[in-house]
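Below: one structure, written as structure tokens.
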Amino acid sequence: MPREYRTIQEVAGPLMLVRGVSGVKFDELGEIVLANGETRRCRVLEVDGSNVLVQLFENSAGINLADSKVRFTGRQMELGVSRDMLGRVFDGLGRPRDGGPEIIPDKRMDVNGLPMNPAARNYPEEFIQTGISAIDGLNTLVRGQKLPIFSASGLPHAQLAAQIVRQAKVRGTDEEFAVVFAAMGITFEEADYFVQSFRESGAIDRTVVFTNLANDPAVERIATPRMALTAAEYLAFDLNMHVLVILTDITNYADALREISAARKEVPGRRGYPGYMYTDLASLYERAGRQRGKTGSITMIPILTMPEDDKTHPIPDLTGYITEGQIILSRELHRRGITPPIDVLPSLSRLKDKGIGEGKTRKDHSNTMNQLFSAYARGKEAKELAVILGDAALTDIDKLYAKFADAFEDSYVSQGGNTDRSIEETLDIGWSLLRILPRSELKRISDELLDKYYSPSDAG
């Protein structure tokens, strides 16, 4: 039974202290009933004997301490889930934002999820095609993987996220594929861009969207990714769908975490972020994966904007420890009009070797990937040398590598925001670029594959 208390002692920002409380548990949900009958939701943040600190989901304006009461519900935050969520847009707390009816849930699930037993995990090893060459060809996304995108202020990570949602697919199967998209702390214009983009392409029919806007409470921002991941767990492990979860922007989430930590007067850690931020981020990221005995899977792409373009900032730094690689966007490439501006050399997918090769992509994928990386790195070095010493200092082969690097950025990395390339197209573009170089330079590719794909008439 709900228990009611009229012992609100203090309100400070998003926090409220209630005294003389009994039987209330950490993370329990509550409702604040104002004198005019209005109700606002809250959550138990801390229990100290008979004193309880609660966190408000809405603002605290208008709460009169003497006339308001708090009602504790005895349950934690839950999300009502159903297949009908596909094609719908919700706010950060799971309430419909698209003008449609409330979801009639098949079941209610705790938004904090259940930790996945490491022994029950299946190893990620199946290729997901995003249609973007710099990801599919060089930093391959694998089903069940966590692969973040490290962006920066002003770079087109929103367009890249929308492109992945529109284009991502599991090849060669008739298994159901869904996308759960959660946006935290974004502007109304950005939220509208995503929803309209998904509607125009028809991707909305297989997508569940959660949007927490910049003017929504910070506390709601903490709940948004948990709502999204709960929906993803239902689709993946109850309905056996393959789910791609995109979370943007993790930096806004971490800032909300810092704001609430400061309101609680906790001892700050690096750059003012709470010391438990690593654990908190891990509790989100580790909900991705595949389970033994279940055909569904959750693959995650968290997107974060690095403050001051700094890879060593706590948010990208901790994210890099927990996830399996990173896709890094480059301001320099963006200035030169390369779309998407993915900087392939510092980018990394630690599981790419598991999702490529014969039967998954194509037999030549691994060899060509290594050769393209090597040739592009050497071409970049040659271009840097030319800037310092002039073109005359380059050998003929260095000039070829410099030409390769330019062509690689223009035709392989840059493909525009609406081009959807199959993995075969990506690999074929790679071969056309490798033909810029003499066959004798392609030391990372076997003779068998060179005979098949590198036309002898172009050699040397």
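These numbers were taken from a predicted model, which means no experiment stands behind them.
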**Request:** Return yes when atom CD of E424 has more than 12 non-hydrogen atoms of other residues, nucleotides or ligands closer than 6.0 Å, and no otherwise.
**Result:** yes

**Request:** Using a cut-off of 6.0 Å, state whether more than 12 heavy atoms not belonging to Y276 lie near its atom OH.
**Result:** yes

With heavy-atom distances below 4.5 Å as the criterion, would you say the side chains of [X] and [Y] are in contact?
| X | Y | answer |
| --- | --- | --- |
| L141 | I301 | yes |
| Y5 | R19 | no |
| Q167 | D136 | no |
| K360 | E126 | no |
| E176 | L239 | no |
| D238 | K107 | yes |
| L79 | F210 | yes |
| R43 | V54 | no |

Rounded to the nearest 0.5 Å, how far apart are [atom1] of [X] and [atom2] of [Y]?
| X | Y | atom1 | atom2 | value |
| --- | --- | --- | --- | --- |
| T140 | I423 | OG1 | CD1 | 6.0 Å |
| M109 | L229 | CE | CG | 10.5 Å |
| L304 | L281 | CG | CG | 9.0 Å |
| M306 | I250 | CE | CD1 | 14.5 Å |
| T211 | F194 | OG1 | CZ | 10.5 Å |
| Q326 | L147 | CD | CG | 8.0 Å |

**Message:** For V24 and V18: C-alpha separation, side-chain torsions, deciding distance, then whether side-chain contact (heavy atoms from CB on, under 4.5 Å) applies.
**Reply:** CA-CA 11 Å; V24 171; V18 187; over 6 Å; no

**Message:** Please list all pairs meeting salt bridge (charged side-chain N to carboxylate O under 4.0 Å, His left out) that have one or both residues in residues 5-18, counting only residues at least two apart or in different chains.
**Reply:** none

**Asked** According to the salt bridge (charged side-chain N to carboxylate O under 4.0 Å, His left out) rule, which pairs have a member within residues 187-210, sequence neighbours left out?
**Response** none

**Asked** Passes side-chain contact (heavy atoms from CB on, under 4.5 Å), I298 versus F237? Steps please.
**Response** CA-CA 9 Å; I298 298 176; F237 304 130; 3.8 Å; yes

**Steps toward side-chain contact (heavy atoms from CB on, under 4.5 Å) verdict (I303, I246)** = CA-CA 7 Å; I303 299 173; I246 295 181; 3.9 Å; yes

Can you name the nearest heavy-atom pair linking [X] to [Y], along with the distance?
| X | Y | result |
| --- | --- | --- |
| M277 | P314 | CE-CB, 4.0 Å |
| P105 | S82 | CA-CB, 4.3 Å |
| P14 | V219 | CB-CG2, 4.0 Å |
| G144 | P124 | O-CG, 3.9 Å |
| Q9 | L65 | O-CD1, 3.5 Å |
| R287 | V111 | NH1-O, 2.8 Å |

[X] (side chain) donor-acceptor with [Y] (main chain) under 3.5 angstrom:
| X | Y | value |
| --- | --- | --- |
| S347 | I328 | yes |
| E28 | K25 | yes |
| N252 | M184 | yes |
| E58 | R41 | yes |
| Q145 | T299 | no |

Without hydrogens or angle criteria, can the side chains of [X] and [Y] be said to hold a donor-acceptor pair below 3.5 Å?
| X | Y | value |
| --- | --- | --- |
| N212 | Y253 | no |
| S60 | R40 | no |
| R421 | S133 | yes |
| E266 | S261 | yes |

Residues in ring-ring contact (aromatic ring centres under 6.0 Å, His included) with [X], at least two apart?
| X | answer |
| --- | --- |
| Y412 | F408 |
| Y278 | none |
| F198 | F181 |

**Asked** Do Y273 and H313 have ring centroids that are under 6.0 Å from one another?
**Response** yes

Could you check whether [X] pairs with [Y] (Lys NZ or Arg NE/NH1/NH2 to Asp/Glu carboxylate O, under 4.0 Å)?
| X | Y | answer |
| --- | --- | --- |
| D216 | R97 | yes |
| R331 | D309 | yes |
| K383 | D406 | yes |
| R121 | E286 | yes |
| R88 | D98 | yes |
| R271 | D310 | yes |

Check residues 336-344 and write down every donor-acceptor pair under 3.5 Å in which the side-chain atom is one partner and the other belongs to a residue at least two apart or another chain.
from, atom 1, to, atom 2, distance (Å)
R336, NH1, E409, OE1, 3.2
R336, NH2, E409, OE1, 2.3

**Request:** For the pair I327 and F150, evaluate side-chain contact (heavy atoms from CB on, under 4.5 Å) and give the outcome as yes or no after the intermediate values.
**Result:** CA-CA 6 Å; I327 304 293; F150 288 7; over 6 Å; no

**Request:** Apply side-chain hydrogen bond (donor to acceptor under 3.5 Å, both in side chains) to T323 and R350, showing your working.
**Result:** CA-CA 9 Å; T323 54; R350 293 192 182 99; 5.3 Å; no

